[in-house]
**Q** 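Structure provided below as structure tokens; questions to follow.
No hydrogens, no waters, no symmetry mates; every other heavy atom, side chains included, goes into these values. The sequence lines fix the lettering, A, B, ..., with proteins before strands; numbering per chain opens at 1.
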Number of protein chains: 2
Amino acid sequence: MMTTIKEVAKLAGVSVGTVSKVINNQDGIKENNRKKVLDAVKKLNYEPNIHARTLSSGKTNLVSIVVPTVGFEFQKIFLKSLDDVLRKSNYDSVVFPLLSRDRLARFSSESNFLFHTDALILASLSPKNLFRDGRVPTRKPYLIVDSHGESSNSVIIDNYLGGHLAGKHISLEKNGKLFLIGGYEPDDAFSSGVFSERKRGFEDAIRERGIESKEIEFKNIVLDWNQAFDFGARISRTEKKFSVFSVSDLVAWGFIEGCRTNGLYAGKDFHIIGYDDLSFSQKIGLTTISQPISELGEIAAEKVVEKIKGAANIENIVLSPRYVERTSN
Amino acid sequence: MMTTIKEVAKLAGVSVGTVSKVINNQDGIKENNRKKVLDAVKKLNYEPNIHARTLSSGKTNLVSIVVPTVGFEFQKIFLKSLDDVLRKSNYDSVVFPLLSRDRLARFSSESNFLFHTDALILASLSPKNLFRDGRVPTRKPYLIVDSHGESSNSVIIDNYLGGHLAGKHISLEKNGKLFLIGGYEPDDAFSSGVFSERKRGFEDAIRERGIESKEIEFKNIVLDWNQAFDFGARISRTEKKFSVFSVSDLVAWGFIEGCRTNGLYAGKDFHIIGYDDLSFSQKIGLTTISQPISELGEIAAEKVVEKIKGAANIENIVLSPRYVERTSN
DNA sequence: CTGAAAGCGCTTACAG
DNA sequence: CTGAAAGCGCTTACAG
């Protein structure tokens, strides 16, 4: 039913080896034969079977990208920059969003397809938390991105530094409370450790300013605008002067909106610093720790291509975030 | 290097056929032999080569999902519900976000991996706009989801009806302007036609209420909170009473925030109806057209599994959105 | 420059 | 219940 290379060879009057070379753009084929093959290919509407090609050549030209979820701008920016660079080396990215705990079981077996492309990028996810024995179940090259405490190849943005920058710059009110929100990593399997690092950096910076880190009230909130909204609405009912470090802009935004329901405004009635610097952040005047997400994707792509080509060195690349002041702090 | 089924067979002292049956959980194998095989598998740390399996069996147990992008809640909900159902039939979903025009070229070739899984779901994308000849370049079963005007198998949410509901319920101010925003589909390749349908339904409903559809001012805005914010800020500087139908909640939200910069509030100073009903919509009191996104994913999964099993009928399933009134209209 | 053939690592009738 | 062997559709030395 499917036409095969054999049928093409027969119609073109050449051997399958010759057809193979033509469809793979190899040279050293007489123009005459090349033409005959191309004609036969067109006539039979031939399309090579990529599974046979993979089995035979041992390569897929695919790179698996595992991400915890897909609903956020972070993934969009990251995946786009990553794919833009991969494409230049003739690789395609295929995305595997973890999405749910149920799906994790499938992702934990080496027989899953995701482990059988040319390489694997694990983004915003930690092997330690993800896999039973803490090891990525594959023999293919892989790279850890945006996740802390890895000994294998990794590319991250320095989250400790980001938190530290926030702690260094946050405006404090005399007798005002200090909140750290949004650092909750609820499900072990899904936590990458980046929030804890931000928290740690923040606390250290605060301490360096002579403030007891006990004075920080830590509020567990998942990456969720609605929860942050509720929390802001609740806090602003009783507190009237305070400072906030939110470990994500989305949570900061929700919090700010919640506070507004009680007439409290960021930058005026309270100080807040977020984390990420997404497209809405500038619009809402959010002072934040800006993450070079595109760069993260680009470098990850470059490094994974090097790995596929056989680079054996272990590299842990650490990019730096920066403090971006707007009106909220 | 990689251990193969042959080595397992040798160590276990059986034939490769027997090994194959054991690792595929087929019965009709003597318990004694099964055990020997399992021991050898464990000892050699054997993992079947899935590419060989695919070539031999002709199936991947994978379903490709093509989506235009990944940064939005819509995709998150859709992909999750889809995968939850696929998993029950032992299929894994692999996601291919289009992301950019550059990537489209790769997606247009039948030789791309995405066309070589067991089936394909094209979500929020139209073959007409995507592919040169308007045809999906595959011989595998496929399904169109959330895209209008398709003659092949499809599952959609009735966008005309959604727009019509909005037009029927929108509150109109005497002498106030009526805006329709967010319906711009900027890049042909990326447009699914759903916005045009919503617009059409809206205009018809307005007309049925005796209003000239010419009186609607149509504002091109892509699915972008920031642009909508700017537009809201600009409009609210001059207009003081108006009604708005936004073809997405995200755009409605940005617009509302923009208006607030001039002290105009939704539901009080102006009326607005959005579209989608996402997690933030309730929080901000947005009256909207609610889309059954999870259901869309579930039904798409069921239908694509039927297709894989060989169902030959052509079905176009149309789900219904509903009007959800909150405070903004 | 080309062809014949081995090989990639599985699955699956088929014979016994 | 099991084994020998054909077959899936390619790629790739190798000989000429």
**Q** Whole Å only: how far is the CG atom of A/Asn61 from the P atom of D/dT11?
**A**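 To the nearest whole Å, that distance equals 12 Å.
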**Q** Over how many whole Å does the gap from A/Lys21 atom NZ to C/dC1 atom C1' extend?
**A**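 Between C1' of C/dC1 and NZ of A/Lys21: 9 Å.
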**Q** What's the CD1-C1' distance between A/Ile5 and C/dA5, to the nearest Å?
**A**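 Going from A/Ile5 (CD1) to C/dA5 (C1'), I get 14 Å.
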**Q** Assign each of B/Val19 and A/Ile29 to its nearest nucleotide of DNA chain C by heavy atoms, then name whichever residue's nucleotide is nearer the 5' end.
**A**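 Closer to the 5' end of DNA chain C: A/Ile29.
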**Q** Without decimals, in angstroms, what is the distance between B/Glu7 CD and C/dC8 P?
**A**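 Distance check: B/Glu7 CD to C/dC8 P gives 10 Å.
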**Q** Remember a base hit wins even if backbone is also touched, and classify A/Leu55 as base, sugar-phosphate or nothing at under 4.0 Å, heavy atoms.
**A**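 Touches a base.
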**Q** In whole angstrom, give the distance that lies between atom CD1 of A/Ile23 and atom P of D/dG9.
**A**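 Distance, rounded to whole Å: 13 Å.
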**Q** For the pair made of NZ in B/Lys6 and C1' in C/dT11, what is the distance, rounded to whole Å?
**A**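 Between C1' of C/dT11 and NZ of B/Lys6: 15 Å.
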**Q** Given C/dC10, D/dT11, C/dC1, which nucleotide is nearest the side-chain atoms of B/Arg53?
**A**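 The nucleotide sitting nearest to the side chain is C/dC10.
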**Q** With nearest nucleotide decided by heavy atoms, which residue, B/Ser56 or A/Gln26, maps closer to the 5′ end of DNA chain D?
**A**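 The residue closer to the strand's 5' end, by nearest nucleotide, is B/Ser56.
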**Q** Do the side-chain N and O atoms of B/Ser152 and B/Arg135 include a donor-acceptor pair separated by under 3.5 angstrom?
**A**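 Side chains of B/Ser152 and B/Arg135: no pair found under 3.5 Å.
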**Q** Please state whether the rings of B/His116 and A/His51 are parallel, tilted or perpendicular, taking 30° and 60° as the class boundaries.
**A**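 Correct class here is perpendicular.
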**Q** Ion pair present between A/Lys309 and A/Glu306, side-chain N to carboxylate O less than 4.0 angstrom?
**A**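 Not counted as a salt bridge, because no side-chain N and carboxylate O are separated by less than 4.0 Å.
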**Q** Which base, if any, makes a Watson-Crick or G-U wobble pair with C/dC1, both distances under 3.5 Å?
**A**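 Its partner is D/dG16 (Watson-Crick or G-U wobble, both distances under 3.5 Å).
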**Q** Salt bridge between A/Asp84 and A/Lys88, side-chain N to carboxylate O under 4.0 Å?
**A**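 No, no charged N to carboxylate O under 4.0 Å.
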**Q** Measure from the side-chain heavy atoms of B/Ser15 and tell me the nearest of D/dG3, D/dT11, C/dC10.
**A**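 From the listed options, D/dG3 comes nearest.
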**Q** What's the closest nucleotide to the A/Asn24 side chain, out of C/dG9, D/dT11, D/dC10?
**A**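 When the side chain of A/Asn24 is considered, D/dT11 is the closest of C/dG9, D/dT11, D/dC10.
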**Q** Is B/Thr18 touching bases, backbone alone, or none of the nucleic acid, heavy atoms closer than 4.0 Å?
**A**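 Sugar-phosphate only.
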**Q** Can you identify which nucleotide, out of D/dG3, C/dC10, D/dC10, has its nearest atom closest to the A/Asn49 side chain?
**A**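 Of D/dG3, C/dC10, D/dC10, D/dC10 is nearest to the side chain of A/Asn49.
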**Q** Would you say A/Ser20 places a side-chain N or O within less than 4.0 Å of OP1 or OP2 belonging to D/dT11?
**A**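 Yes, A/Ser20 has a side-chain N/O under 4.0 Å of OP1/OP2 on D/dT11.
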**Q** Taking the side chain of B/Tyr46 as heavy atoms from C-beta outward, which of C/dC10, C/dT12, D/dC10 is closest to it?
**A**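 Output: C/dC10.
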**Q** Whole-Å distance between C/dG9 P and A/Arg139 CZ?
**A**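 After rounding, the gap between these two atoms is 13 Å.
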**Q** Are side-chain heavy atoms of A/Val155 and A/Glu298 found at a separation under 4.5 Å?
**A**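 The answer is no; the side chains never approach within 4.5 Å.
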**Q** Round to the nearest Å and state the distance from B/His116 atom NE2 to D/dC8 atom P.
**A**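 For the pair B/His116 NE2 and D/dC8 P, the rounded distance is 18 Å.
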